[in-house]
Each structure stands twice: as C-alpha cells, then as structure tokens.
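Note that the structure is predicted; figures quoted are calculated from it, not measured. We count residues from 1, following the sequence as given.
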Amino acid sequence: MVIKFQSRQYELISKIKTTGSGAIELYTASDDVAEGTKYTIACVNDLELARKLVPVTTKANTNFSFKDLHASFNADGRYYVVFGYADGKTLQQVIERANFSLQERLLLMKNIFAQIFLLNMPECFLYEVLRKDNIIVDQDLSVRFNYFFTEVDYYWQVQEKDCIRRVSGLVQDLFARELEQKSARELTKFARDMQEGRFAYMWDCYVAYDNIYEVVLTKSERQELQPRRFWWRAWEKLKEIFPKIRAVLAAALIISAALYLLLTLPNPVLSDNGVTFQQIGTLQLDGQPDETAATND
C-alpha cells in the first residue's frame, strides 16, 4: 500500500499495531526520496481525535528542533502523522542483558537527557517515548526514540511532572544494582530526590544529574565504589520500615492493655469471685434487720 501526499509517497512495509480503541493504526514505511530511511506512520481514523492531535503534530505548531516529526497531512479522509523510525536494541533489552558497565550506563542516561532537550518535543510525546521499549540504544550509546501512540487517551492530561516520574523510573531501572547496594552516595541521593518529586522541572533533573555525573564516573573508574556493609544496609532498611513497626507496636500495646483490664478487674456477672454487698442503704441483704433502723422507728 502506498500513501501519497504532494510530491512525497510512502510505501507501507508492515503494521506495528492498532491503538486508541482502533482509532489509530501504526505502520512502518519507507519513502522514495531517502532510500533506506524508515518512518513510523500513524493513520488516524477518528476525525475528532485528529482534530485534537493537530496542535501537537504539525510543523507550524511544534518547535523546529523536533526533527523526529517529519510530516502530517490529510489524505483519503484520514489524518496521517509521519515520525522517524528507530531500529535497533531497545533500552528494555539492554537492561535485561545487564552487560553494560556503570560507566556505560552513566553515559547512556546522560544521552537520554541530552536527546530530550535536543528534540524539545511536546510533553505528550515525551511522556510516550520515555518507555524502555521506545528508547533505542545505538552502539555508541547514543539514543533515538520511537513514537507508538501507546496512551493517546491520556495525552491531553500529561504534565511535566508525569514525564519526570517516567525519567525517575528509568533511573531506578538503569542503576538498580548500585541503588540496591547503596554504593554511590551521590547517585542514591539523586534517585531518591527524583522518586520523591523534589524536582519541579525536567531541566532541574538534568542539571542535578550533570552535577553528579563526573563525580560518580571518576569514583567508578578508580574503583572507589563499594557496596555498603550488611549491617549498614540492614539499618537503612529498618529505618524505612520503622513507621510501620511503630504502628504495629502501638496497636499491640492497646490490645494488651484492654485484655489485662478484662482479665483482672472483678466482674459480678461473669465471675464467681464477684463483689458481695452486705447492705444496700438500710436493707440487710443477709436477712438480718438493721438495728439502727429499728431504734429510730
């Protein structure tokens, strides 16, 4: 199948998937101008969805540096968006193989940040590409992105804090071993700050990472990064779960006090050893008349 627009035509190679409840069909394609170049073409069948996508998928409305967006046009009653297609190993595959050194992973994360700001794309697409399956890692550890419209229904609600959470997840996955062992104090603090939402903007994240990059890299090259000792890690873990332990102990104390009161206080109804009353007012409970009351009478 060939899609034509003005002087360009795109030949569809294969279908990637259908998304957005069938509203969007994704294809890989090539054109007759740049031989060997592949594209991702989003074919939008829903005209209402197409109307919403126009502001973030047209050259006139997006930053000129967003070079991964090649074209968008209407044809055959459909709306088409053409992105660059990246072929190669995904970040997911890189993480699963676990064969990259810390130095390589540090550079890889730096390149991800650099690509984010180099392309300067709309937040909805940034949120989309910050998936491990949409990040392609080249042999020189540079990265490229794929645009697969996974969460198109959520695009209109995406904020910068959502993208920061996605980057935080990448940091956790890329440096899982170092964070578990707490072998790099600067890296651990950076990951914790990201996870706790202490950065308001993506640029702040990049600056903070750039500040620790050389320090951690130098320590790694000098083999100064050593896993914390077992007792130190155990203490850190205990501090994390201490609030839960405190709540459990408080509940146990309250329950123990209640049981003690129930078992030790005399109860005339429930116990044979209850309190015996000999007199209520002038009434003798043992059947003997009250002498004082008789004298008064």
Inset, instruction - Please find out if less than 6.0 Å separates the ring center of Tyr127 from that of Tyr155. - result: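 Tyr127 vs Tyr155: aromatic centres not under 6.0 Å.
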Would you check if the side chain of [X] reaches a backbone N or O of [Y] as a donor-acceptor pair within less than 3.5 Å?
X	Y	result
Ser220	Val216	no
Asn211	Val207	yes
Ser168	Ile164	no
Asp76	Arg78	no
Asp138	Leu141	no
Thr62	Val56	no

Enter the distance from [X]:[atom1] to [Y]:[atom2] here, rounded to the nearest 0.5 Å.
X	Y	atom1	atom2	result
Asp140	Leu107	CG	CG	8.5 Å
Asn111	Ile116	CG	CD1	11.0 Å
Asp173	Ile95	CG	CD1	4.5 Å
Asn146	Asp68	CG	CG	9.0 Å
Leu130	Arg165	CG	CZ	12.5 Å
Ile16	Leu12	CD1	CG	10.5 Å

Shortest non-hydrogen separation from [X] to [Y] and the atoms involved:
X	Y	value
Phe145	Ile112	CZ-O, 4.5 Å
Asn45	Gly22	ND2-O, 3.6 Å
Ala23	Leu49	CB-CD2, 3.8 Å
Cys205	Met194	SG-CE, 3.8 Å
Phe66	Lys59	O-NZ, 4.0 Å
Phe100	Glu104	CA-OE1, 3.3 Å

If you count every heavy atom of other residues, nucleotides or ligands that lies below 6.0 Å from [X] atom [atom1], does the total exceed 12?
X	atom1	answer
Gln139	CD	no
Gln172	CD	yes
Lys17	NZ	yes
Lys189	NZ	no

Inset, instruction - May I ask you to check whether Ser72 and Thr58 show a side-chain donor-acceptor distance below 3.5 Å? - result: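 Distance-only check fails for Ser72 and Thr58.
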Legend entry - Any donor-acceptor N or O pair under 3.5 Å, side chains Asn134, Glu128: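 Their side chains do contain a donor-acceptor pair, which is all the 3.5 Å distance test asks for.
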Legend entry - side-chain contact (heavy atoms from CB on, under 4.5 Å) between Asp162 and Tyr154, worked out: CA-CA 11 Å; Asp162 300 312; Tyr154 183 69; 3.4 Å; yes
Legend entry - Residues Phe175, Leu102; criterion side-chain contact (heavy atoms from CB on, under 4.5 Å); working and verdict: CA-CA 8 Å; Phe175 305 108; Leu102 175 58; 3.8 Å; yes
In terms of hydrophobic clustering (I, L, V, M, F, W, Y; side-chain heavy atoms under 4.5 Å; direct or indirect links), are [X] and [Y] co-clustered?
X	Y	result
Ile212	Trp203	yes
Leu118	Tyr213	no
Ile13	Ile24	no
Val158	Val81	no
Tyr147	Phe117	yes

Inset, instruction - Please step through side-chain contact (heavy atoms from CB on, under 4.5 Å) for the pair Ile135 and Thr90, ending with a clear verdict. - result: CA-CA 6 Å; Ile135 300 175; Thr90 67; over 6 Å; no
Inset, instruction - Could you walk me through whether Arg105 and Glu178 pass the salt bridge (charged side-chain N to carboxylate O under 4.0 Å, His left out) test, one step at a time? - result: CA-CA 11 Å; Arg105 285 178 282 126; Glu178 289 75 22; 2.9 Å; yes
Legend entry - Fellow cluster residues of Leu47, listed by chain then number, with links counted only when side-chain atoms sit under 4.5 Å apart: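 Answer for Leu47: none, a lone residue.
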Inset, instruction - Taking only Lys NZ, Arg NE, NH1 and NH2, and the carboxylate oxygens of Asp or Glu, determine whether Lys219 and Glu186 approach each other closer than 4.0 Å. - result: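 Salt bridge between Lys219 and Glu186, a charged N being under 4.0 Å from a carboxylate O: yes.
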Inset, instruction - Please examine the side chains of Met202 and Leu126, heavy atoms only from C-beta on, and report whether any two atoms are closer than 4.5 Å. - result: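 Touching, per the 4.5 Å side-chain cut-off.
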Inset, instruction - Answer whether the closest heavy-atom distance between the side chains of Lys110 and Leu108 falls below 4.5 Å. - result: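 Counting from C-beta outward, Lys110 and Leu108 never come under 4.5 Å.
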Inset, instruction - Quick one: sort the Phe113 and Tyr209 rings into parallel, tilted or perpendicular, breaks at 30° and 60°. - result: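 Ring orientation, 0 to 90° scale: tilted.
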Legend entry - salt bridge (charged side-chain N to carboxylate O under 4.0 Å, His left out) partners of Glu151, counting only residues at least two apart: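 Expected list: Arg131, Arg166.
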Legend entry - Option among Tyr39, Phe83, Tyr85, Tyr80 that satisfies the ring-ring contact (aromatic ring centres under 6.0 Å, His included) test with Tyr10: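 Answer to the ring-ring contact (aromatic ring centres under 6.0 Å, His included) test with Tyr10 among Tyr39, Phe83, Tyr85, Tyr80: Tyr39.
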Inset, instruction - Mind running side-chain contact (heavy atoms from CB on, under 4.5 Å) on Leu26 and Lys15 for me, showing each step along the way? - result: CA-CA 6 Å; Leu26 291 170; Lys15 185 174 183 178; over 6 Å; no
